[in-house]
Amino acid sequence: MYMSIVYLNGEYLPLDQAKISVLDRGFLFADGVYEVIPAYGGRLLRMQEHMQRLQNSLDAIRLENPLSNEQWLEITEKLLADNPNTGPGEDKYVYLQVTRGVAAKRNHGFPDEVNQTVFMMVSEMVPVDKEELRSGVAAITLDDIRWKACNVKSISLLGNILLRQQAHDNEAAEAILINDGLVTEGAASNVFAVINGMLVTAPTGSRLLPGITRDLIIELAAENGVAYEERDFTEEELLSASEIWFSSSTKEIMPVVLLNGKPVANGQSGPIWEKMIDIYQAYKVKLRSGESS
Ligand SMILES: Cc1ncc(COP(=O)(O)O)c(C=O)c1O
C-alpha cells in the first residue's frame, strides 16, 4: 500500500511511523494551530498569506513560531516532492500543525519550557469540477456556538465539528453560522451572498476566520469589476439573497441552492457565481503556469 511521507519534528517519515506522546498538549488540550495550503500542479496558493495567518494564530495563542518562513517553505516543497502524484489530478494540499508540545504534567497553564510539536502532511486534492459545482449544495442556518476568537485557526474544532455534523444530520452539506443575528461564516468555510444585486461577505474580525480563498475572491472581484461589499449582514438578508456561496481552499466556490429546505432564488447557481468561478479557475491556470502566486 502507498504510504505517504510526513514531517514530524525535524524528521521525514512514512505516515504509520509518525508518533507523538499522549502528553502532547495538542492531544490533551487542543493547544495548537494549523494551516491548509493548496498546491496546484506543485505551485503553492498564497504561501505568504498562509504564513502570515499562521503567525497571527501563533501570536494569538502566545506560542513562538518554531520555524522561519524559509524553513516552512523548504519543508513544504520537500514533502510535495517526496509524495509523487498518485492520481490523475496534480492537486494536493499541505496540512501543517503546531502545538505547544509535550509537558511533563497535564496542567492548564503553559509549561516553563516549550518544545513545539510540528507536524506536516500532504494529501491529494480532488480537482474541483465546474459542472459538478454548478449543481450546488444544501445548507442550514445554525446558531454560532463557538468561542470569541474565531479568527485564530485553532486545532480546537469541536464547535465546528458539531455544527457540521448537525448540518449533515439535516441532509445539508454545510452550516451557515449566525452570531447575534449576523451571518459569520460556515462550519469550515466563509460565506458570500448576493443581496439586492451586490456581492456581500462579512468583515474580518474575531467572529470568523479570514479565509485565504475569501480574500482571493474579493481581490479577483475588484480586479474584474464585480461590485462587492464587506459588511455585516443579517440572517434575514441571507434568507432573501439571490445567490449564496461557500468558499474554502479545498472546495473553492460552492453555490448553495437550498437553504433551510427552501430554494435559494430559483434553486440554481446564479450568474455572479458563474462569473466568479470562471475568474477563479482562470487564476488557477495562471498559478499552475507560474504566472501568479
Ligand atoms: C471556520 C473556517 N472558516 C473559513 C475557512 C476558509 O478558509 P480558507 O479559504 O483559508 O480555506 C475555513 C477553512 O477550512 C474554516 O475552517
Side-chain angles (χ1 to χ4, degrees), residues 30 32-40 44-58 60-61 72 76 91-97 121-123 125-126 128 133 137 139-168 172-179 182-193 200-221 228 230 244-256 276-277 279-281 283-284 287 293:
V33 296
Y34 75 108
E35 277 296 324
V36 175
I37 312 161
Y40 296 110
L44 293 162
L45 179 88
R46 307 245 132 166
M47 184 61 171
Q48 241 180 312
E49 287 80 354
H50 281 283
M51 289 293 103
Q52 186 57 56
R53 187 171 66 181
L54 173 66
Q55 188 61 55
N56 295 345
S57 295
L58 288 167
I61 69 160
W72 283 116
T76 302
D91 300 346
K92 294 194 162 69
Y93 66 86
V94 180
Y95 175 90
L96 71 86
Q97 170 171 324
M121 64 179 170
V122 171
S123 300
M125 193 158 65
V126 181
V128 177
L133 275 182
V137 292
I140 58 169
T141 52
L142 289 176
D143 184 33
D144 194 343
I145 57 168
R146 302 171 304 157
W147 70 332
K148 292 184 177 171
C150 295
N151 52 318
V152 178
K153 203 161 168 66
S154 160
I155 59 168
S156 172
L157 289 169
L158 206 43
N160 306 62
I161 288 167
L162 291 171
L163 290 159
R164 171 61 73 81
Q165 187 56 42
Q166 206 176 328
H168 287 177
E174 179 62 306
I176 298 183
L177 309 182
I178 310 295
N179 187 333
L182 300 176
V183 175
T184 58
E185 60 179 339
S189 57
N190 290 109
V191 174
F192 287 81
V200 176
T201 195
T204 55
S206 57
R207 290 174 187 233
L208 55 114
L209 186 79
I212 304 294
T213 320
R214 170 199 179 278
D215 289 354
L216 181 53
I217 291 169
I218 285 177
E219 195 182 300
L220 293 173
Y228 72 90
E230 287 179 84
I244 301 173
W245 322 330
F246 293 121
S247 71
S248 77
S249 291
T250 48
K251 300 274 163 57
E252 301 186 357
I253 316 174
M254 174 72 82
V256 176
M276 272 319 300
I277 195 69
I279 294 168
Y280 196 87
Q281 304 254 342
Y283 175 86
K284 272 171 49 187
L287 178 66
S293 67

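Any value given below was found using the heavy atoms of this structure, including those in side chains, with hydrogens, waters and symmetry copies removed. Owing to the predicted nature of the structure, the values given are computational and were not obtained by experimental measurement. As the structure lists them, so they are numbered: ligands from 1, and atoms in each ligand from 1.
Between Glu185 and ligand 1, a contact under 3.5 Å exists for at least one N or O pair. Taking any N or O of Ile212, backbone or side chain, at least one lies under 3.5 Å from an N or O belonging to ligand 1. At a 3.5 angstrom cut-off on N or O pairs, Arg146 does not count as close to ligand 1.
Each of Leu216, Ile253, Leu220 was scored for a side-chain contact (heavy atoms from CB on, under 4.5 Å) with Ile279, with one residue passing: Leu220.
When Thr184, Asn190, Thr250 are ranked by how near their heavy atoms come to atom 6 (C) of ligand 1, first place goes to Asn190. Heavy-atom proximity to atom 5 (C) of ligand 1, evaluated over Ser189, Pro210, Gly211, Ser154, is greatest for Ser189. In the candidate list Ser248, Ala188, Pro38, Ala188 is nearest to atom 12 (C) of ligand 1, counting heavy atoms.
Within a 6.0 Å radius of OH in Tyr93, no more than 12 heavy atoms belonging to other residues, nucleotides or ligands are found. Environment of CD in Gln48: sparse, with no more than 12 heavy atoms of neighbouring residues, nucleotides or ligands closer than 6.0 Å.
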From CA spacing to verdict: side chain to side chain donor-acceptor pair (under 3.5 Å), Asn179, Thr184: CA-CA 6 Å; Asn179 187 333; Thr184 58; 5.7 Å; no
Working note: Tyr95 + Gln97, criterion side chain to side chain donor-acceptor pair (under 3.5 Å); need CA distance, chi angles, decisive distance, verdict. CA-CA 7 Å; Tyr95 175 90; Gln97 170 171 324; 2.6 Å; yes
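For the residue pair Ser247 and Glu252, no side-chain donor N or O sits within less than 3.5 Å of a side-chain acceptor on the partner.
Counting heavy atoms under 4.0 Å from ligand 1, residue Asn160 touches it through the side chain alone.
Residue pairs meeting the side chain to side chain donor-acceptor pair (under 3.5 Å) criterion with at least one partner in residues 150-160, sequence neighbours excluded, are Tyr34-Lys153.
Short contacts between ligand 1 and Ser249, defined as distances under 4.0 Å to a heavy atom of the residue, involve ligand atoms 8 (P), 9 (O), 10 (O), 11 (O). Ligand 1 places these atoms under 4.0 Å from at least one heavy atom of Ala187: 1 (C). Each of the following atoms of ligand 1 lies closer than 4.0 Å to a heavy atom of Lys153: 13 (C), 14 (O).
Looking at Ser57, its side chain never comes within 3.5 Å of a backbone N or O of Val152 through a donor-acceptor pair.
The single protein non-hydrogen atom nearest to atom 9 (O) of ligand 1 is Thr213 OG1, 2.6 Å, given as residue, atom name and distance.
Ligand 1 lies nowhere less than 4.0 angstrom from a heavy atom belonging to Val36.
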